[in-house]
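This one's a predicted model, so the numbers in the text were calculated from it and none came from an experiment.
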Amino acid sequence: MPNPVFGAALRSSPRCWKLAIAGKTWIRYSSSRNPPTVALLYQAIDSPVINGARKPRKPGGYQDSGADIAYTLRTKGINVITPSSSPQESSHEGWCFPDTEEGIYSAVQQGVNHLWANTILFSSHPLQTSKKLDTHAPDLYIVGQPPSLVEKFDDKAYLNGKLRELGGLTLPRSWMVSDSDDLDRLVASIDRYPVVGKPVRGRGSHGVKVCRNPAELKAHVQTLLGESPLVMLEEFLAGEEATITVMPPSPGRPRHWSTLPVVRFNHADGIAPYNGVVAVTANSQVIPEEEMKDPAFGDIMDQCAKVAELIGATAPIRVDIRRFSKDSPFALFDINMKPNMTGPGRPGREDQASLTALSAAALGWDYGTLLKNILQTAQPLDVFRKYRSPF
């Protein structure tokens with residue numbers, strides 16, 4: 001059910017931003033009363049090789065979800081600037097600016113004061129490094145994660161290792177494999193199958209496979225090592241799967257908080273299929289109210305919010321969870337710094353609600369309301385650039 005108190009707070013409270021800088025929490029209030037003028041950014045820059053691994057680029061660079069966001073914000077009365085004067089509703093092109101320095105600066109020169117970074121960020125990204133943007137940094141607001149946060153925590157091996165060290169979180173057993181390891185010895189040391197092999201910097205279900213015996217695992221790891229010098233292996237979680245979106249601090253709600261879990265089903269060989277192949281509306285649903293009585297859900301929702309708070313997330317993250325077995329507790333098995341944000345609105349997009357949009361609907365938020373509430377979490381570029389990892 002919608003929360004009218006929260007909705008009123010979003011409308012009436014001053015803006016605030018909460019960010020982990022050098023291990024401390026900082027809150028910044030804005031006195032700006034200018035209404036948002038928004039531009040969407042899509043991925044036109046390939047991610048760099050980081051520690052030997054490159055995050056694969058999505059075809060189109062997220063222009064599909066960028067067009068969904070831009071179109072829907074306009075229908076909600078938000079001023080959205082587009083590179084094309086009249087982008088076609090049926091096309092994803094012409095709605096978003098490229099995330100190059102020239103593309104970003106072009107949007108700013110057209111009066112944009114809010115940039116929605118619907119792209120893959122990294123420490124050398126123009127949003128972090130561009131000198132052209134320096135004079136705009138106090139007054140230009142960003143929707144997205146700080147680039148240095150994404151670069152550090154998109155590495156699943158690094159993030160999972162740090163979370164395991166901190167304790168208090170439920171994680172599956174895992175192993176790291178490098179191209180210099182004795183693969184035969186490592187595979188032989190694993191005493192329980194199935195095992196999941198996946199890239200340390202992945203996108204969607206790319207490269208994720210359930211391996212049911214040592215020979216299958218070895219072959220898959222060898223394939224992944226052809227793409228990256230480091231591969232992550234995890235015990236296969238055989239129970240129920242769900243995903244949880246964690247929202248960042250916003251006016252009226254000063255801490256990270258978890259939306260309701262979305263349960264996944266109809267897996268392909270043990271793995272939820274990529275949404276570009278099977279729409280999530282066909283294999284996902286918000287957890288029924290009756291099932292929320294299981295304390296395992298409340299516990300894992302708290303853990304997901306804790307992860308977002310620990311890393312200082314400034315935009316939604318999505319955490320994939322799965323039970324070890326039937327009726328067991330849940331474990332966190334994949335933490336996504338950039339959840340898919342597609343949604344219905346444009347012609348032919350009726351079945352394109354993302355997992356985050358499905359969960360928002362349970363709050364009484366349609367896709368446009370979700371986007372407006374995310375827009376409320378934007379932070380100034382100068383704060384965005386000052387992010388420091390807590391570990």
Side-chain angles (χ1 to χ4, degrees), residues 20-23 43-58 61-62 99 117 119-129 144-166 169 171-183 185-187 189-190 195-209 211 217-235 307-308 310-315 317-320 332-339 384-391:
I21 300 178
Q43 186 183 11
I45 306 172
D46 283 327
S47 300
V49 175
I50 301 169
N51 297 326
R54 186 195 302 273
K55 190 179 182 78
R57 183 176 174 184
K58 179 182 178 180
Y62 303 98
D99 65 344
T119 183
I120 300 300
L121 299 175
F122 39 86
S123 294
S124 58
H125 194 277
L127 281 175
Q128 183 71 38
T129 62
Q145 309 286 7
S148 56
L149 180 153
V150 178
E151 178 165 321
K152 185 174 288 287
F153 298 131
D154 247 0
D155 185 326
K156 301 178 191 301
Y158 177 82
L159 178 56
N160 282 23
K162 287 298 181 182
L163 295 178
R164 205 180 301 277
E165 287 175 15
L166 291 169
L169 300 168
L171 298 159
R173 292 171 65 204
S174 65
W175 305 262
M176 297 300 129
V177 187
S178 74
D179 50 11
S180 61
D181 286 333
D182 184 335
L183 182 56
R185 183 177 179 181
L186 176 64
V187 169
S189 72
I190 298 174
V195 170
V196 178
K198 59 186 180 182
V200 293
R201 290 185 181 273
R203 178 184 61 79
S205 58
H206 171 79
V208 182
K209 182 178 180 180
C211 302
L217 178 61
K218 180 180 176 180
H220 183 55
V221 170
Q222 287 173 329
T223 298
L224 292 178
L225 288 173
E227 303 176 5
S228 166
L230 189 64
V231 173
M232 186 171 181
L233 309 181
E234 284 182 343
E235 67 173 303
V307 170
L310 281 169
I311 66 175
T314 57
I317 67 170
R318 207 190 75 231
V319 184
D320 295 332
L332 315 171
F333 77 89
D334 203 9
I335 300 165
N336 302 283
M337 297 300 115
K338 185 196 173 302
F384 185 80
R385 287 176 164 182
K386 291 174 185 174
Y387 173 86
R388 296 293 181 272
S389 170
F391 43 77

query = Passes side chain to side chain contact (heavy atoms under 4.5 Å, CB included), Q145 versus I317? Steps please.
reply = CA-CA 9 Å; Q145 309 286 7; I317 67 170; 3.2 Å; yes

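- In D46, the CG atom is crowded: over 12 heavy atoms of neighbouring residues, nucleotides or ligands sit closer than 6.0 Å.
- Minimum heavy-atom separation, Y158 to F391: OH-O, 3.2 Å.
- Looking at heavy atoms from C-beta onward, L163 lies in side-chain contact with I335 at the 4.5 angstrom threshold.
- Between the E234 side chain and the P172 main chain, no donor and acceptor come within less than 3.5 Å of each other.
- Minimum interatomic distance between M176 and M232 (heavy atoms only, all atoms of both residues): CE-CG, 3.3 Å.
- Put simply, the side chain of I50 does not reach to within 4.5 Å of the side chain of D155, judged on heavy atoms.
- Contact record, Y387 with G312: CE1-O, 4.0 Å, taken as the closest heavy-atom pair.
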task = Applying side chain to side chain contact (heavy atoms under 4.5 Å, CB included), run through L310 and L166 and close with a yes or a no.
result = CA-CA 10 Å; L310 281 169; L166 291 169; 4.0 Å; yes

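- Taking CD1 of I120 as the start and CD1 of I45 as the end, the distance is 12.0 Å to the nearest 0.5 Å.
- For the pair L159/M337, a side-chain contact is recorded, criterion being any heavy-atom separation below 4.5 Å from C-beta on.
- For residues 217-230, the salt bridge (charged side-chain N to carboxylate O under 4.0 Å, His left out) pairs, not counting sequence neighbours, are D184-K218.
- Residues F153 and P390 share a closest heavy-atom pair of CZ-CD, 4.4 Å.
- Remark: the R164 side chain and the S174 side chain contain an N/O donor-acceptor pair separated by less than 3.5 Å.
- Panel note: side chain D334, backbone D320; no donor-acceptor pair is recorded below 3.5 Å.
- Residues V150 and P147 have side chains not in contact (no heavy-atom distance under 4.5 Å, counting atoms from C-beta outward).
- In this structure the side chain of D181 never reaches within 4.5 angstrom of the side chain of W175, judged on heavy atoms.
- For the pair Y62 and T119, the tightest heavy-atom approach, listed with the atom from each and the gap, is CD1-CA, 4.4 Å.
- Contact record, I190 with L233: CD1-CD1, 4.0 Å, taken as the closest heavy-atom pair.
- Side-chain atoms of R201 do not come within 3.5 Å of backbone N or O of P199 as any donor-acceptor pair.
- A distance of 12.5 Å separates CG in L230 from NZ in K156, rounded to the nearest 0.5 Å.
- Here the side chain of E235 pairs a donor or acceptor atom with the backbone of R173 at under 3.5 angstrom.
- Put simply, the side chain of D99 never gets that close to the backbone of A117: no donor and acceptor are under 3.5 Å apart.
- Here the side chain of Q128 pairs no donor or acceptor atom with the backbone of S123 at under 3.5 angstrom.
- Under a 3.5 Å cut-off, the side chain of H125 and the backbone N or O of S148 do not form any donor-acceptor pair.
- Here the side chain of R57 pairs no donor or acceptor atom with the backbone of S47 at under 3.5 angstrom.
- Under a 3.5 Å cut-off, the side chain of H220 and the backbone N or O of C211 do not form any donor-acceptor pair.
- Put simply, CG on L183 and CG on L217 are 7.0 Å apart, with the number rounded to the nearest 0.5 Å.
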